[in-house]
Amino acid sequence: MGNNSSSSCLSDEDSSFLVKHTSKGVAEIQEWHKGFLQDCPSGELTKEQFVAMYSKMFPGGNANKFSENVFRTFDTNKNGTIDFREFMLALHVTSSGKPEEKLTWAFRMFDVDGSGDIDFNEMKRIVSAVYEIVGADGDLGRAQELFSKMDQNSDGSISQEEFVAIVRKDKSLLNLLQGRA
């Protein structure tokens with residue numbers, strides 16, 4: 001990660017990196033950094049803070065499981081917190097990233113164990129979390145339906161290629177995967 005992610009001044013390295021990898025300019029990134037530090041004075045967002053934030057956004061449902069999976073996906077260096085660089089990259093991908101970037105991010109969220117494939121238990125876990133966050137009852141049948149649809153070669157796991165190919169063809173799946181069931 002960056003040199004001074006927890007300091008009050010954004011490092012030149014982080015600033016240059018974020019200008020290159022997001023759709024934001026230096027001034028906008030500096031404004032985001034200022035706001036990030038107001039909310040996270042340590043320069044890092046903890047899982048607890050992240051879950052609390054998601055819970056406020058989805059008051060009618062249980063955001064815990066879904067937000068933990070989102071957090072895991074955003075915490076790219078796996079240190080248990082989200083620093084400013086990770087935060088801005090996640091913001092970029094989820095709000096203005098290219099469709100391919102969004103699909104890669106969604107795949108990583110479903111690939112709970114990081115194996116490079118999604119098995120049925122991972123699918124069931126995420127689909128259940130999506131239904132919980134919107135306050136709806138999910139059923140095993142929906143997870144099985146999605147898994148069967150995506151496992152194109154019927155080998156019992158979904159590769160990133162299979163995942164991307166199916167979701168690209170079916171935008172309603174992408175909405176479901178992003179918690180817009």
Side-chain angles (χ1 to χ4, degrees), residues 21-23 44-83 85-181:
H21 292 92
T22 69
S23 57
E44 296 181 328
L45 180 62
T46 67
K47 186 189 303 187
E48 293 75 23
Q49 289 170 307
F50 191 81
V51 170
M53 178 184 71
Y54 253 79
S55 294
K56 288 178 187 171
M57 291 171 20
F58 296 94
N62 181 350
N64 291 354
K65 289 180 186 174
F66 185 79
S67 57
E68 286 176 8
N69 285 299
V70 174
F71 183 89
R72 176 185 44 78
T73 307
F74 288 173
D75 180 19
T76 56
N77 67 357
K78 307 297 179 214
N79 71 346
T81 62
I82 296 173
D83 64 23
R85 187 187 284 207
E86 291 168 320
F87 174 78
M88 289 301 294
L89 290 174
L91 181 69
H92 168 71
V93 168
T94 57
S95 64
S96 58
K98 297 174 185 149
E100 194 73 26
E101 290 174 312
K102 289 181 180 185
L103 291 175
T104 298
W105 175 83
F107 179 83
R108 284 193 356 245
M109 188 174 81
F110 272 75
D111 183 16
V112 175
D113 65 6
S115 67
D117 290 302
I118 300 168
D119 65 28
F120 180 67
N121 286 329
E122 290 171 316
M123 176 67 72
K124 188 170 60 174
R125 177 176 167 178
I126 302 297
V127 169
S128 170
V130 168
Y131 277 103
E132 282 185 26
I133 198 170
V134 296
D137 289 329
D139 64 279
L140 189 59
R142 185 63 176 145
Q144 184 63 53
E145 178 188 336
L146 282 170
F147 191 82
S148 297
K149 190 172 193 176
M150 290 183 176
D151 185 16
Q152 294 177 312
N153 62 4
S154 301
D155 66 351
S157 67
I158 301 166
S159 68
Q160 185 169 338
E161 294 75 27
E162 289 173 311
F163 182 89
V164 169
I166 292 298
V167 176
R168 277 183 137 166
K169 292 178 191 172
D170 188 342
K171 297 302 179 209
S172 66
L173 279 179
L174 185 57
N175 287 339
L176 173 67
L177 301 180
Q178 293 179 332
R180 298 185 209 141

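Position 1 is the first residue of the sequence, and the numbers go up from there. Quick caveat: nothing in here was measured; it's all calculated off a predicted structure.
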> With distance as the sole criterion, is a donor-acceptor pair present between the side chains of T104 and E101 under 3.5 Å?
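The answer is no; no qualifying pair exists.
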> Would you say R72 and K47 make side-chain contact, with heavy atoms under 4.5 Å?
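The answer is no; the side chains never approach within 4.5 Å.
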> For S148 and Q144, does a side-chain donor sit closer than 3.5 Å to a side-chain acceptor?
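Their side chains do contain a donor-acceptor pair, which is all the 3.5 Å distance test asks for.
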> Main chain of T73, side chain of N69: is a donor-acceptor contact present, judged purely on distance under 3.5 Å?
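Between the backbone of T73 and the side chain of N69 there is no qualifying donor-acceptor contact (under 3.5 Å).
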> Is there a side-chain contact (heavy atoms from CB on, under 4.5 Å) between I126 and V112 once you walk through the steps?
CA-CA 9 Å; I126 302 297; V112 175; 4.1 Å; yes
> Kindly indicate whether the side chain of R168, heavy atoms from C-beta on, has any atom under 4.5 Å from the side chain of E100.
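In contact.
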> Does I118 offer a backbone N or O that forms a donor-acceptor pair with the side chain of D111 under 3.5 Å?
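No, the answer is negative, given that no donor and acceptor are paired below the 3.5 Å cut-off.
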> Under a plain distance cut-off of 3.5 Å, with no hydrogens placed, do S115 and D113 share a side-chain donor-acceptor pair?
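D113 vs S115: donor-acceptor pair found between side chains.
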> Do any N or O atoms from the side chain of E162 and from the backbone of Q152 form a donor-acceptor pair under 3.5 angstrom?
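Yes; at least one donor-acceptor contact below 3.5 Å.
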> One thing to verify: whether E145 and R142 come together as a salt bridge, which I'm taking to mean a side-chain N less than 4.0 angstrom from a carboxylate O.
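Answer for the salt bridge query: yes.
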> On the 0 to 90° scale, with breaks at 30° and 60°, tag the F107-F163 ring pair as parallel, tilted or perpendicular.
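Perpendicular.
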> Given side-chain contact (heavy atoms from CB on, under 4.5 Å), test N79 with E44 step by step and report yes or no.
CA-CA 10 Å; N79 71 346; E44 296 181 328; 4.0 Å; yes
> May I ask you to decide if the ring planes of Y54 and F66 are parallel, tilted or perpendicular, using 30° and 60° as cut-offs?
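Aromatic pair Y54/F66 classed tilted.
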> Minimum heavy-atom separation for E122 to D117, with atom names?
OE1-O, 3.2 Å
> Return yes if some donor-acceptor pair links the side-chain N/O of E86 with the main-chain N/O of N77 below 3.5 Å, else return no.
yes
> Is the W105 ring parallel, tilted or perpendicular to the F74 ring (thresholds 30°, 60°)?
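Ring orientation of W105 relative to F74: tilted.
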> Would you name the heavy atoms of F120 and F147 that are closest together and state the gap between them?
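Looking at all heavy atoms of both residues, the shortest contact is N-CE1, 3.3 Å.
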> Should R108 and Q160 count as side-chain neighbours, where that means a heavy-atom distance under 4.5 Å?
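Side chain of R108 against side chain of Q160, heavy atoms only: no contact under 4.5 Å found.
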> Under the criterion side-chain contact (heavy atoms from CB on, under 4.5 Å), I'd like the reasoning laid out for L146 against V127: C-alpha separation, chi angles, the key distance, then a yes or no.
CA-CA 9 Å; L146 282 170; V127 169; 3.6 Å; yes
> Does L45 reach the side chain of T81, with side-chain heavy atoms less than 4.5 Å apart?
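No - every pair of side-chain heavy atoms lies 4.5 Å or more apart.
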> Has the side chain of S55 got a donor or acceptor atom that lies under 3.5 Å from a matching backbone atom of V51?
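Side chain of S55 to backbone of V51, a donor-acceptor pair under 3.5 Å: yes, one is there.
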> Where do K65 and A129 come nearest, in terms of heavy atoms and distance?
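Closest heavy-atom pair between K65 and A129: CB-CB, 3.7 Å.
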> Verify, without hydrogens or angle tests, whether D75 (side chain) and G80 (backbone) share a donor-acceptor contact under 3.5 angstrom.
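Side chain of D75 to backbone of G80: a pair is present.
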